[in-house]
Amino acid sequence: RARHESTRRHLIAVITAGIKPPEKLSGALYAIRGETRSAEVLHIPQSAAGNPGQATDSDLEAFYKANEPLFTAPERRSISFITLRPEELAAEIKPEETELREYYETHLAEFTVTGMRNLLQFVLPDEAAAKAAAEKISKGADFATVGQAASGLNEKEMEMIEVTEEKLPREISDAVFALKEGEISEPLKSPFGWHVVKVTAARQKRIAPFEEVRGKIAEEIALDRATDLLVERSNQLEDARAGGATLEEAARELNLKLKRSADMDRAGIGPDGKTSPEISADPQFMEDVFATDEGSESDLREDREGGYYVLRVDKITPAALRPMQEVREDVLAGWRAQQIGESMEKLSGELLNEARAGKTLEEIGKTLKLKPVKTAPFDRDFSDDQLSNDLVTKLFAAKPGETVAGPAPGGGFVIATVGAIQSPELSAQKEAAEQMNKEFAKRIEEDILAQYQTVLERRYKVEINPTRLDSLFEGQF
């Protein structure tokens, strides 16, 4: 493993060696990212659109008919269902003390916290060079600086994270794991050369005592048995239903809980706006609810949570347009919002045309008893309750003195004229420019390595099975 890891690191170092972004490209990118602008901003509140007036019955009726989906109650269904879940069956299982002890003794590895180290290391071909480097470090020189000068590797390439003893060459593993955090080894010889190692973090090996993990063991045994019992219970449930038993009768016979959920929509949400915690989180559950006829039962189905369920649709309430008298207030609010929105859109267009025809924002604001304000310099990522991300993008695309407009996140709309444009000076922001240059170089490295990986996958016909890969990590996140 150590040999493979070392080879991998060296290969990556060779592929990415000497990568440096073109100066002109870096300079242009920094200029774009570092540019700031100010603007004169006139915020037009919604009140400027005026009162939309009193809606007539015909206005509301027209809005109601034109927007029927907004006022339609969704189809709802009431169901009865039985779930078989490992955790539910596990609650009934109480392992014996002897079983707990036996499990502990045979699974000690599970309760052992493996010793790990975070390391910095460089490897040199001869002892003399390794001793010379170690001597400089012992006299106070920085480990990474000495290592880079001696081996050519930078600090990141020297770093090894969460290393176990098995990952190190056996000739040096004992000596490395004998070091305390912060300590540095003498030169250590292995088939790879002479190692100089610094321990940057250490986690010691520890075996959890039985009493500490008793509860976890009991849960594990019960859950393991419940998984076997699950198949047996599901077969019993199917046999009962095949014999003509209703869900109520099958639940009583097998001592299972018959659950109910009333008036759910397709998202599983009830009239109270909440989802029942007892229904399966598998999307297939709600699909079955809405695919099953009223009075009928679904098939017994295994869900993605590792359990089973069967359901019966007891009642279907079809989707229906709510009566006008029931939703009149909602209709009125919707009509008013539409009228104000249309008025605001018309007003914003008219005022923007005035600004582009030569009127200043000061002059435009006077007619509305509003005053424009000048912003502080802002960058491309800026936004607040007046300047939306979209409007900021427009301002950065506009020329000096050009006016743009758009909705304000806090309501109303904004007319803004581009003011001062400030481009960053590389000499004055050297540290920031260098940092951006490093990030740019890192992205180029990642792109090159991704292309190299793609070539290897094509050459060696690598196939990735996402489903299998995901299954290896189920329950770990």
Side-chain angles (χ1 to χ4, degrees), residues 1-13 99-125 127 129-131 133-138 140-148 150-151 153-221 223-224 469 471-477:
R1 288 180 181 177
R3 188 189 299 275
H4 290 162
E5 178 67 16
S6 178
T7 301
R8 187 184 71 84
R9 288 176 182 271
H10 283 296
L11 178 60
I12 291 174
E99 291 180 272
L100 300 178
R101 293 278 180 182
E102 182 181 351
Y103 187 98
Y104 178 75
E105 295 298 334
T106 56
H107 293 77
L108 273 179
E110 291 182 19
F111 311 115
T112 301
V113 177
T114 305
M116 289 186 179
R117 303 290 186 269
N118 290 353
L119 310 174
L120 288 177
Q121 83 153 353
F122 57 90
V123 184
L124 301 177
E127 183 179 11
K131 283 185 175 180
E135 186 176 352
K136 289 179 183 178
I137 295 168
S138 67
D142 178 67
F143 185 96
T145 302
V146 173
Q148 184 165 11
S151 68
L153 300 177
N154 61 39
E155 183 171 355
K156 187 166 184 62
E157 291 166 337
M158 294 182 219
E159 189 176 45
M160 298 181 71
I161 302 297
E162 295 186 350
V163 179
T164 61
E165 289 189 69
E166 294 76 18
K167 288 185 178 180
L168 293 172
R170 63 177 181 276
E171 294 84 358
I172 70 168
S173 60
D174 288 345
V176 171
F177 270 72
L179 296 171
K180 296 178 181 178
E181 189 171 317
E183 289 186 339
I184 298 167
S185 72
E186 293 294 325
L188 303 171
K189 190 176 187 310
S190 84
F192 301 104
W194 291 86
H195 302 245
V196 181
V197 181
K198 179 179 180 179
V199 176
T200 58
R203 186 179 79 182
Q204 304 303 326
K205 179 178 179 180
R206 175 181 178 271
I207 300 176
F210 173 74
E211 291 301 329
E212 185 178 310
V213 294
R214 172 196 286 272
K216 181 180 177 181
I217 294 173
E219 290 176 6
E220 191 67 33
I221 293 175
L223 195 59
D224 188 52
L469 189 61
S471 72
L472 297 176
F473 298 97
E474 283 181 359
Q476 295 188 25
F477 301 98

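Both backbone and side-chain heavy atoms feed into the values below; hydrogens, waters and symmetry mates do not. These numbers come from a predicted model, not from an experiment.
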ask   = Is there a donor-acceptor pair under 3.5 Å between the side chain of S185 and the backbone N or O of V197?
value = yes
message = Let me confirm one number: the CG-CG distance from D174 to L168, rounded to the nearest 0.5 Å.
response = 10.0 Å
ask   = Do you know the tightest heavy-atom contact between A133 and L124?
value = CB-CD1, 4.4 Å
ask   = Are the side chain of R117 and the backbone N or O of F177 linked by a donor-acceptor pair below 3.5 Å?
value = yes
key: Distance, nearest 0.5 Å, that separates CD of Q204 from CD of E181   = 9.5 Å
remark   = So NZ of K198 and CD of Q121: to nearest 0.5 Å the spacing works out to 14.0 Å
message = Counting only heavy atoms from other residues, nucleotides and ligands, does the tally under 6.0 Å from CD of E155 exceed 12?
response = no
query = Is it true that a side-chain atom of T200 and a backbone atom of N118 form a donor plus acceptor pair closer than 3.5 Å?
reply = yes
request  = I would like to know whether I221 and Y103 meet side-chain contact (heavy atoms from CB on, under 4.5 Å); could you show each step before the answer?
outcome  = CA-CA 8 Å; I221 293 175; Y103 187 98; 3.9 Å; yes
query = Should T112 and K205 count as side-chain neighbours, where that means a heavy-atom distance under 4.5 Å?
reply = yes
ask   = Taking NZ, NE, NH1 and NH2 as the nitrogens, is one of them in E127 or K131 under 4.0 Å from a carboxylate oxygen of the other?
value = yes
ask   = Is it true that a side-chain atom of E110 and a backbone atom of H107 form a donor plus acceptor pair closer than 3.5 Å?
value = no
task = Considering only NZ, NE, NH1 and NH2 on the basic side and carboxylate oxygens on the acidic side, decide whether R206 and E212 come within less than 4.0 Å.
result = yes
inquiry  = Using 30° and 60° as the class boundaries, would you call the ring planes of H195 and F192 parallel, tilted or perpendicular?
reply    = perpendicular
note = Distance col, row I217:CD1 vs L100:CG, nearest 0.5 angstrom, shows 6.5 Å
ask   = Hey, is E211 close enough to R214 for a salt bridge, meaning N to O under 4.0 Å?
value = yes
ask   = Side chains of S138 and I184: closer than 4.5 Å at any heavy-atom pair?
value = no
message = Show, in sequence, the C-alpha distance, side-chain angles and deciding distance for R203 and V113, and conclude whether the side-chain contact (heavy atoms from CB on, under 4.5 Å) test is met.
response = CA-CA 9 Å; R203 186 179 79 182; V113 177; 3.5 Å; yes
note = OG (S173) and NZ (K167) are apart, to the nearest 0.5 Å, by 14.0 Å
ask   = Is any side-chain heavy atom of Q148 less than 4.5 Å from a side-chain heavy atom of M158?
value = yes
ask   = How far apart are the closest heavy atoms of W194 and P125, and which atoms are they?
value = CD1-O, 3.9 Å
inquiry  = I'd like to know if the side chain of S151 reaches the main chain of L153, judged simply by a donor and an acceptor atom lying under 3.5 Å from each other, with no hydrogens or angles considered.
reply    = yes
key: Smallest separation among heavy atoms of V199 and V176, with atom names   = CG2-O, 4.0 Å
ask   = Are F143 and F122 close enough that their ring centres sit under 6.0 Å apart?
value = yes
key: Euclidean distance, E157 CD relative to L120 CG, rounded to 0.5 Å   = 12.0 Å
